[in-house]
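Below is one structure, written out as structure tokens; comments come after it.
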Amino acid sequence: MRIAVYANASFRIGEGHAVRCLQLISEFSGAQIVWFYTSLTPRIEKRLAETCVELICIESCNGTLEKRLERCLYEADVQLVILDDYELNMKRRLTDALIVVFDDLASREIQADILIDASPVRQEADYKGLVSESCHCLIGSSYLMLERNLFTSGKKVKNRGHLFLGSTDPLNLTEKYLELLLDMFLGWQWEVVITSRNRNVRAIEELIKAKHNAFLSFEPSSLAEGLVAAEIAIGAPGLATWQRIAAGCQVALVATHKNQINILEELEREGLIKYLGYGFNKRTIEHKLRKFLVSEPVTGRLDLDADGAVRIKQKILSCLEGRAI
């Protein structure tokens with residue numbers, strides 16, 4: 001089988017779109033993968049190279065991205081196309097191949113055969129009028145793609161915290177939150193996850209050296225080990241949100257993009273997270289963190305497992321088989 005993917009990773013949008021596409025295509029062993037993009041971070045590019053994916057950069061200018069991608073998909077002669085990009089215009093089909101689209105926002109018209117929105121607060125009715133009646137909507141937490149070792153019985157370390165504000169940390173929040181946490185909660189030990197894409201690496205390293213209640217995890221291959229040990233996980237939304245919950249952490253999240261605010265507020269209403277707000281306001285954050293860690297723990301729970309990618313693959317194969325008939 002030949003599969004095409006279109007997904008990007010950059011300092012502005014982070015790496016989550018590319019990561020979940022990587023997780024899905026890993027289920028299709030033996031398939032030939034061609035990956036189209038306009039931007040990739042070095043870390044994602046390295047991971048793609050290690051999986052023997054054919055990489056093709058599409059230059060984007062003057063709103064011609066959809067036409068260029070359409071031409072590339074035609075030339076690639078693929079049976080399956082996986083699209084994960086909020087800025088891509090999906091009002092018309094870009095190919096006759098089976099189209100699978102990842103979405104989280106339910107805010108645009110999408111022409112696809114399969115739509116995936118794994119948010120636990122999303123309902124199929126949210127996409128009414130946005131997708132065709134023939135589109136298979138895979139909605140809800142059973143389609144989350146999570147690491148299996150998050151579900152092992154790891155032992156929690158008392159007063160261990162986990163801080164991860166995204167691989168690119170576009171608002172440079174890691175240092176600000178860490179400094180506040182280190183001063184407020186002296187009895188806690190904080191694991192701080194950063195990558196080379198963080199523009200403030202040196203300042204974060206110096207801050208950790210000056211304190212005794214934090215340690216650095218630089219570009220770990222997985223968040224799983226740290227999350228399984230942590231009682232508290234503070235960070236930015238994305239795929240890591242569900243990893244934190246699956247690991248049994250108390251979760252507090254900060255919005256790094258304004259389009260994340262609505263869903264974070266909904267997750268808080270459902271009792272699944274504590275929403276800290278957009279960006280960083282020291283007085284507000286300090287107040288919310290103190291209440292979160294001392295008097296207002298998160299009580300909501302999700303029934304999660306590690307088979308989301310398997311379920312998605314099964315639906316894709318079923319649709320492909322139906323097309324063949």
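What you are looking at is a predicted structure, and each value in this text was computed from that prediction instead of being measured. Just so you know, these numbers use all the heavy atoms, side chains as well, and skip hydrogens, waters and symmetry mates.
- Judged by distance alone, the side chain of Lys155 and the main-chain N or O of Ala229 form no donor-acceptor pair under 3.5 Å.
- A heavy-atom distance below 4.5 Å is not found between the side chains of His136 and Leu115.
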**Message:** Would Leu289 and Met184 count as a side chain to side chain contact (heavy atoms under 4.5 Å, CB included) here? Give the steps.
**Reply:** CA-CA 9 Å; Leu289 281 175; Met184 286 177 63; 4.2 Å; yes

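- Here the closest heavy-atom approach between residue Leu24 and residue Ala309 is recorded as CD1-O, 4.2 Å.
- A distance of 5.5 Å separates CD of Glu205 from CD1 of Ile194, quoted to the nearest 0.5 Å.
- Under 4.0 Å is where a charged nitrogen must lie from a carboxylate oxygen, and between Lys315 and Asp113 no such pair does.
- No more than 12 heavy atoms of other residues, nucleotides or ligands shown are found within 6.0 angstrom of CG on Asp96.
- Annotation: the span from Ile232 atom CD1 to Asn159 atom CG amounts to 9.0 Å, rounded to 0.5 Å.
- Applying the salt bridge (Lys or Arg N to Asp or Glu O under 4.0 Å) test to residues at least two apart or on different chains, the pairs with a partner in residues 35-56 are Glu15-Arg43.
- The two atoms that bring Val78 and Ala97 nearest to each other are O-CB, 3.4 Å, heavy atoms only.
- Taking CG of Leu94 as the reference point, atom CG of Leu88 lies at 6.0 Å (rounded to 0.5 Å).
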**Request:** Check the pair Ile58, Cys72 against side chain to side chain contact (heavy atoms under 4.5 Å, CB included), reporting the backbone distance first and the verdict last.
**Result:** CA-CA 9 Å; Ile58 302 177; Cys72 288; 4.3 Å; yes

Please tabulate, for the side chains in residues 170-181, all donor-acceptor contacts under 3.5 angstrom to protein atoms that are two or more places apart in sequence or on a different chain.
residue : atom : partner : partner atom : Å
Thr174  : OG1  : Asp169  : OD2          : 2.8
Glu175  : OE1  : Asn200  : ND2          : 2.5
Tyr177  : OH   : Gly279  : O            : 3.1

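- The aromatic rings of Trp188 and Trp190 sit parallel to each other, their planes meeting at less than 30°, with 60° as the upper class boundary.
- Between Lys67 and Arg92, the closest heavy-atom pair is CG-NH2, 4.2 Å.
- Using a cutoff of 4.0 Å between basic side-chain nitrogens and carboxylate oxygens, Asp305 and Arg148 are not scored as salt-bridged.
- A donor-acceptor contact closer than 3.5 angstrom links the side chains of Thr38 and Asn8.
- Salt bridge Glu266/Arg269: present, at least one basic N to carboxylate O contact under 4.0 Å.
- With Trp242 contributing its side chain and Leu146 its backbone, the two residues share no donor-acceptor pair below 3.5 Å.
- Remark: side-chain polar atoms of Arg20 are not paired, donor with acceptor, to backbone N or O of Met145 under 3.5 angstrom.
- Minimum heavy-atom separation, Tyr278 to Ala255: CD1-O, 3.3 Å.
- Glu147 and Ser222 are linked by a side-chain donor-acceptor pair at a separation below 3.5 angstrom, with hydrogens and angles left out of the test.
- Side-chain contact annotation: Glu231 with Gln250, donor-acceptor N/O pair under 3.5 Å absent.
- Shown here is Arg202, whose CZ atom has no more than 12 heavy atoms of other residues, nucleotides or ligands within 6.0 Å.
- Leu267 approaches Pro120 most closely through the heavy-atom pair CD2-CG, 4.1 Å.
- With Arg244 contributing its side chain and Ile273 its backbone, the two residues share no donor-acceptor pair below 3.5 Å.
- Counting non-hydrogen atoms of neighbouring residues, nucleotides and ligands closer than 6.0 angstrom, the CZ atom of Phe215 exceeds 12 such neighbours.
- One distance of note links CG of Leu105 with CG of Asn262; it measures 9.5 Å at 0.5 Å rounding.
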**Prompt:** Is there a salt bridge (charged side-chain N to carboxylate O under 4.0 Å, His left out) between Glu286 and Lys291 once you walk through the steps?
**Reply:** CA-CA 9 Å; Glu286 184 174 1; Lys291 290 180 66 176; over 6 Å; no

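- More than 12 non-hydrogen atoms from other residues, nucleotides or ligands lie less than 6.0 angstrom from NZ of Lys156.
- A 4.5 Å side-chain heavy-atom check between Tyr37 and Val5 finds every atom pair outside the cut-off.
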**Request:** Could you go through the side chain to side chain contact (heavy atoms under 4.5 Å, CB included) check for Ile263 and Ser119 one step at a time?
**Result:** CA-CA 9 Å; Ile263 191 169; Ser119 169; 3.3 Å; yes

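- Under a 3.5 Å cut-off, the side chain of Asn198 and the backbone N or O of Thr195 do not form any donor-acceptor pair.
- A centroid separation of less than 6.0 Å is found between the aromatic rings of His17 and Tyr86.
- Glu109 places a side-chain heavy atom less than 4.5 Å from the side chain of Gln111.
- Cluster annotation: Ile56 and Val81 are assigned to the same hydrophobic cluster (Ile/Leu/Val/Met/Phe/Trp/Tyr, side-chain heavy-atom contacts under 4.5 Å, transitive).
- Between the CD atom of Glu219 and the CG atom of Leu216 there is a distance of 10.5 Å, given to the nearest 0.5 Å.
- Closest approach of His162 to Ala230, counting heavy atoms only: CB-CB, 3.8 Å.
- Taken together through direct or relayed side-chain contacts under 4.5 Å among Ile, Leu, Val, Met, Phe, Trp and Tyr, Val157 and Leu182 form parts of separate hydrophobic clusters.
- Using a 4.5 Å heavy-atom threshold, the side chains of Ile25 and Trp35 count as touching.
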**Asked** Run the side chain to side chain contact (heavy atoms under 4.5 Å, CB included) check on Ile114 and Leu98 step by step: do they pass?
**Response** CA-CA 8 Å; Ile114 299 174; Leu98 189 79; 4.3 Å; yes

**Request:** Take Arg68 and Glu75 through the test salt bridge (charged side-chain N to carboxylate O under 4.0 Å, His left out) and record every step on the way to the result.
**Result:** CA-CA 11 Å; Arg68 293 178 184 226; Glu75 294 173 352; over 6 Å; no

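- A donor-acceptor contact shorter than 3.5 Å links the side chain of Ser10 to the backbone of Ile13.
- Counting heavy atoms from C-beta outward, Phe102 and Asp85 have side chains that stay 4.5 Å or more apart.
- Rounded to the nearest 0.5 angstrom, Ile316 CD1 and Arg311 CZ are separated by 14.0 Å.
- When only modelled atom types and interatomic distance are considered, Asp84 and Tyr6 share no side-chain donor-acceptor pair under 3.5 Å.
- A donor-acceptor pair is defined here as one N or O able to donate and one able to accept, closer than 3.5 Å; such a pair exists between the side chain of Gln260 and the backbone of Thr256.
- Contact of the Val19 side chain with the Ile44 side chain is registered, since non-hydrogen atoms from C-beta on lie closer than 4.5 Å.
- Remark: Glu265 CD is packed, more than 12 non-hydrogen atoms of other residues, nucleotides or ligands lying under 6.0 Å away.
- Panel note: side chain Asp307, backbone Val310; no donor-acceptor pair is recorded below 3.5 Å.
- Under the 4.5 Å side-chain heavy-atom criterion for ILVMFWY residues, a single connected hydrophobic cluster contains both Leu302 and Tyr275.
- Ion pair Arg93/Glu66 not flagged as a salt bridge, since none of the NZ, NE, NH1 or NH2 atoms sits closer than 4.0 Å to an Asp/Glu carboxylate oxygen.
- Contact annotation: the side chain of Phe185 approaches that of Leu293 to within less than 4.5 Å [non-hydrogen atoms, C-beta and beyond].
- With hydrogens and angles ignored, the 3.5 Å screen pairs no side-chain donor or acceptor of Arg108 with any backbone N or O of Asn89.
- Between Glu225 and Pro220 the shortest side-chain heavy-atom distance does not fall below 4.5 Å.
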